[in-house]
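Shown next, in structure tokens, is the structure this report addresses.
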Amino acid sequence: MLTCKQASQLVSQSLDRPLSWSERVQLRFHLFICKACNRFKQQLNQLRIAIQQLKNETVHNQTIQLPTDAKTRILHAIEID
Amino acid sequence: MISNVNDWLNDHGDYLYRFALARLRDPHLAEDAVQETMLSAIKSNSFEGNSSARTWLTGILKHKMIDLQRKQFREQSISDLIDLDATDTSMDDFFDQSGHWLDKPQTFNMPDNTLEQKQFLSVLDNCINKLPKKLKSIFMLRDVHETDNENICKELDISATNAWVMLYRARMGLRKCLELNWTGA
């Protein structure tokens, strides 16, 4: 029987590697009976979605511009390089 | 040469900066990334008319951003050392000795309008920047750049297990930070 700590580790790792058959079975069983770990799984999904939104928001935000002083600095760096 | 760079900066500077900022979440690092891109572009001089200058520059930028994340990862602060040195103790803040949650995760009230969405994303941005540097850089590489695990281990010179542990800590910290700082509507 997995503890919540172990279950949460597997939930996170499932985003990074394929879980083994036995890990999947144990995790599914734990999630079936544990509301808290289900919420954790949901939080990680929401985090993933939010990260994508944050990325898109920045990419498409036309008010964000390369600061003028940075531009000057870059040109200067190239001159002396 | 300089006039090339001047044109590139005028035509694509803002785009490249936004592209970098979106993935690095740090204005200074994003500026550095653009600068490194320009230096490298001028040196390599490998631009061929087949692709647009923007595509070419973005390709260079992607590599430069990974270089910067790697540098960030290696440049460890004292607090990072304490954080990561102990075997697994930082997770004791989240679980009791028998592995039960100390504070059960709560449901986030996800934003449902544009204003709230903006506030939510700004909270998230702050939370990302509060992560220890090492955790931030590995998290950015994995969940923002979407680099695969094998490459992360290669780039950062760490084991797969090490990467999973750090990603777990980063995600754990971020969702807790959101819980504490985002109360929703």
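First the proteins, then the strands, lettered A, B, ... as listed; each starts at 1.
Shown here is A:K41, whose NZ atom has no more than 12 heavy atoms of other residues, nucleotides or ligands within 6.0 Å. Within a 6.0 Å sphere centred on CD of B:E150, heavy atoms belonging to other residues, nucleotides or ligands number 12 at most. The neighbour count for B:D157 CG, taken as heavy atoms of other residues, nucleotides or ligands under 6.0 Å away, does not exceed 12.
For the options A:L44, A:L15, A:L2, heavy-atom pairs under 4.5 Å to chain B are most numerous at A:L15. When the candidates B:K118, B:E146, B:H28 are compared by the number of heavy-atom contacts under 4.5 Å with chain A, B:E146 comes out ahead. Ranked by non-hydrogen atom pairs under 4.5 Å with chain B, the options A:D16, A:T3, A:I64 are led by A:D16. Of the listed residues B:M38, B:K104, B:H100, B:Q106, the one with more heavy-atom pairs under 4.5 angstrom with chain A than any other is B:Q106. When each of B:D143, B:N10, B:T107, B:L174 is checked for heavy-atom pairs under 4.5 Å with chain A, B:T107 comes out on top. In terms of non-hydrogen atom pairs under 4.5 Å with chain B, the most contact-rich of A:A36, A:C37, A:A7 is A:A36.
When heavy atoms are compared at a cutoff of 4.5 Å, A:E57 approaches chain B solely by way of its side chain, counted from C-beta outward. Heavy-atom distances place the backbone of B:S98, and not its side chain, under 4.5 Å from chain A. For A:Q52, the part sitting under 4.5 Å from any heavy atom of chain B is the side chain, from C-beta outward, and nothing else. Both the backbone and the side chain of B:L21 come within less than 4.5 Å of a heavy atom of chain A. Of the two parts of B:L16, neither the backbone nor the side chain holds a non-hydrogen atom closer than 4.5 Å to a non-hydrogen atom of chain A. For a residue to count as touching a neighbouring chain, one of its non-hydrogen atoms must lie under 4.5 Å from one of that chain's; by this rule B:R171 touches chain A with backbone and side chain alike. Neither the backbone nor the side chain of B:Y15 has a heavy atom closer than 4.5 Å to any heavy atom of chain A. Looking at B:D125, the atoms closer than 4.5 Å to chain A (heavy atoms on both sides) sit in the backbone and in the side chain alike.
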Exercise for the section: Could you walk me through whether B:F95 and A:S8 pass the side-chain contact (heavy atoms from CB on, under 4.5 Å) test, one step at a time? Expected result: CA-CA 10 Å; B:F95 298 97; A:S8 66; 3.3 Å; yes
Exercise for the section: Decide yes or no on side-chain contact (heavy atoms from CB on, under 4.5 Å) for A:L54 and B:I128, but give the supporting numbers first. Expected result: CA-CA 11 Å; A:L54 183 63; B:I128 291 173; 3.8 Å; yes
Practice task
Please assess B:R175 against A:Q46 for the test side-chain contact (heavy atoms from CB on, under 4.5 Å), listing each intermediate value before the final yes or no.
Solution key: CA-CA 9 Å; B:R175 61 107 216 153; A:Q46 288 172 324; over 6 Å; no
Handout entry: A:Q43 and B:E179: CA distance, side-chain angles, deciding distance, side chain to side chain donor-acceptor pair (under 3.5 Å) verdict
Key = CA-CA 9 Å; A:Q43 285 183 332; B:E179 241 182 35; 2.7 Å; yes
Practice task
Might you work through the side-chain contact (heavy atoms from CB on, under 4.5 Å) test for B:R18 and A:L66, ending with a clear yes or no?
Solution key: CA-CA 8 Å; B:R18 281 197 292 272; A:L66 181 67; over 6 Å; no
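Look at A:R17 and B:D148 and you find no salt bridge, because none of the NZ, NE, NH1 or NH2 atoms lies under 4.0 Å from a carboxylate O.
Rounding to the nearest 0.5 angstrom, the gap separating the OH atom in B:Y168 from the CG atom in A:L10 is 9.5 Å. The structure places CG of B:L124 at 4.5 Å from CD1 of A:I51, a figure rounded to the nearest 0.5 Å. Here B:F108 contributes atom CZ and A:I49 contributes atom CD1; the two are 11.5 Å apart, rounded to the nearest 0.5 Å. Here the CD1-CG distance, from A:I78 to B:L9, works out to 6.5 Å after rounding to the nearest 0.5 Å.
Relative ring orientation between B:W101 and A:F40 is described as tilted, the plane-to-plane angle lying within the 30° to 60° band.
Side-chain contact, B:R25 with A:T58: a donor N or O sits under 3.5 Å from an acceptor N or O.
A single hydrophobic cluster is not seen to contain both B:F120 and A:V59; linkage of ILVMFWY side chains at heavy-atom distances under 4.5 Å, directly or through other members, places them apart. Follow the hydrophobic side-chain contacts under 4.5 Å out from B:W164 and you never reach B:I138; the two are in separate clusters.
Of all residues in residues 30-37 of chain B, those placing a non-hydrogen atom less than 4.5 angstrom from a non-hydrogen atom of chain A are B:E31, B:V34, B:Q35.
A donor-acceptor pair under 3.5 Å is absent between the side-chain atoms of A:K55 and the main chain of B:R23, judged by distance alone.
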